[in-house]
Amino acid sequence: MGSTSRKEPPLPTVVPLLDVNRGYIPLRDELLSAITRVCDSGQFVLGPEVQELEQNVARFCGVEHAIACASGSDALLLALMAHGVGRGDQVVVPSFTFFATASAAWRLGATPVFVDIDPETMNLSPAAVEAAIAPSTKTIIPVHLFGQCAEMAPILETARWHGIAVIEDAAQAIGAQYRGQSAGAIGDIGCLSFYPTKNLGGFGDGGMLTTRSAELASRLNLLRGHGMRPRYFHREVGINSRLDSVQAAALNVKLRYLNAWTQQRQANARRYRELFLAAKLDGELSIPAEAPDRRHVWNQFTIRVPNGARNRLREHLAQAGVGSEIYYPLPLHLQDCFRGLGYREGSLPETERAAAEVLSLPIFPELTPQEQEAVVTAVARFYGRKFKGKAA
Ligand SMILES: *Cc1c(COP(=O)(O)O)cnc(C)c1O
């Protein structure tokens, strides 16, 4: 291998976890003129661009209604409010997720009930959901973690049997599908986030609720605007959670590119798989896979590094100039703020094992094959493998 005559291009030295500028630069003029139109119009909050985005996202997800709000976290809060969740209610959630999934329930005085995950997909275990249902369970929030839908069919069946609502946390999963149905169109309400690191990211915060129910759509609309209808008359206490027109204008432009970006993420995931197999690293760590009945949109490419090696690998990658992140290092059931709920270490073994093993690698659409080769070469080096960064 050392005496190849052909000269290989040098491997790039720095591979960022995410580089939002690479998506922005080619669209810069288009985005800035859309934003300029908003600035010139004088309509800055819930203006025509927001209505346009609501229609575009509803069509994209295959639902009748989409209601914009200020963030994915607010979307979760509003979805629970629309279902009347409050004190004394239980909300079944994964512990292996971003904080907002559980804090929405907590803020309404309800109790998050944390359940374990399926180790393959790291999404909610349907059997664990079924076992957690109690008379006071009001909703289940499956999270489509890392861009792959949770196993929705048995979860929906459990919910229907017990007459409880299902709210999808689709913050990481816009465009993902489960048996042909889009994330956000499967449960009663879907919650999307436009935080800049998501697959459809704005220039700040933003969120969206999706639903097929006209009645829920009307409630969500009321609740995001202080429960006010008509103007200055309040039927109930809502919150202020509106989307800026500037965000909506940018998101309308970017939504046109989302399918192409998703295909690039999927191609990157396939290339990683080939590279990891070519480097014979599949025995050392586990490579994420797409379940057969799902369309994975790869918000994250998250490997699992067993045997306590994860943190050392992460440090090694940092030394090699490769960005990575741990989503999420401490499960929610072990967070200080939820200590009063009585969970202990060992309460949710699969969740705790995942938190100790996961490592997310760069997967953004514009990542180059050379950069992916550099990432896998750096991982191979950590395990003392010779690998020249080429797929077989
Ligand atoms: C990002 C995210 C949220 C919250 O979205 P924000 O727009 O940041 O408030 C909720 N749940 C999950 C799983 C997320 O990844």
Side-chain angles (χ1 to χ4, degrees), residues 17-18 20 50 53 57 66-81 91-108 112 114-115 117 121-124 139-150 152 155 166-176 178 183-184 186-187 189-210 220 224 239-244 246-248 250-251 254 265 288 296-302 325-333 335 351 354-355 358 360 363-364:
L17 179 67
L18 175 65
V20 289
V50 175
L53 181 70
V57 170
I67 300 92
C69 63
S71 69
S73 303
D74 274 4
L76 288 158
L77 185 68
L78 286 162
L80 292 176
M81 289 172 78
V91 178
V92 173
V93 293
S95 169
F96 193 58
T97 177
F98 180 62
F99 185 65
T101 315
S103 66
W106 182 269
R107 284 180 58 189
L108 295 170
F114 294 111
V115 306
I117 50 171
T121 63
M122 293 185 269
N123 276 322
L124 267 188
T139 55
I140 306 167
I141 311 184
V143 178
H144 306 319
L145 199 67
F146 303 143
Q148 173 154 254
C149 286
M152 293 299 286
I155 293 173
V166 173
I167 294 167
E168 294 173 69
D169 183 341
Q172 301 180 4
I174 186 168
Y178 176 81
I186 310 167
I189 298 179
C191 300
L192 300 172
S193 165
F194 304 125
Y195 187 74
T197 62
K198 312 292 175 167
N199 285 20
L200 181 64
F203 293 92
D205 278 311
M208 188 75 78
L209 293 132
T210 53
L220 292 167
R224 76 165 170 191
I239 61 174
N240 166 23
S241 182
R242 302 171 301 216
L243 187 68
D244 294 339
V246 164
Q247 295 303 335
L251 291 164
K254 293 181 87 176
R265 287 176 182 272
H296 198 322
V297 296
W298 299 102
N299 178 244
Q300 300 297 337
F301 187 89
T302 304
E325 188 53 271
I326 298 165
Y327 304 112
Y328 298 91
L330 185 64
L332 299 187
H333 72 282
Q335 296 285 347
T351 294
V358 288
S360 295
I363 184 78
F364 60 94

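No experiment lies behind these values; they were computed from the predicted model shown. Counting convention: from 1, in listed order, for ligands and their atoms alike. These numbers come from the heavy atoms of this one structure, side chains and all, not from hydrogens, waters or symmetry mates.
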Atoms in ligand 1 with a heavy atom of T97 nearer than 4.0 Å: 13 (C)

Backbone N/O of G187 and side chain of E168: donor-acceptor pair under 3.5 Å: yes

Is ligand 1 under 4.0 Å from a heavy atom in the side chain of S71, in the backbone, in both, or in neither? both

The answer for which part of T197 has a heavy atom under 4.0 Å from ligand 1 is neither

Would [X] count as being in polar contact with ligand 1, using the rule that some N or O on each side must be under 3.5 angstrom apart?
X    : value
D205 : no
L145 : no
S193 : yes

Face-on cation placement of K254 at F194 ring, 6.0 Å and 45° thresholds: no

Among all protein non-hydrogen atoms, which one is nearest to atom 9 (O) of ligand 1, and what is the separation to 0.1 Å? S73 OG, 2.5 Å

Does F301 have any ring-ring contact (aromatic ring centres under 6.0 Å, His included) partners at least two apart in sequence or in another chain, and if so, which? Y272, W298

For F364, look at atom CZ and say whether over 12 heavy atoms of other residues, nucleotides or ligands are found less than 6.0 Å away. yes

Taking atom types as modelled, find out whether D169 and T101 have a side-chain donor-acceptor pair closer than 3.5 angstrom. yes

Would you please say whether a donor-acceptor pair under 3.5 Å links the side chains of S95 and T351? no

On the 0 to 90° scale, with breaks at 30° and 60°, tag the F96-Y328 ring pair as parallel, tilted or perpendicular. perpendicular

When you measure from atom 12 (C) of ligand 1 to each heavy atom in N299, D169, V143, which option holds the nearest one? D169

Closest by any non-hydrogen atom to atom 2 (C) of ligand 1: pick that one out of H144, K198, Q172. K198

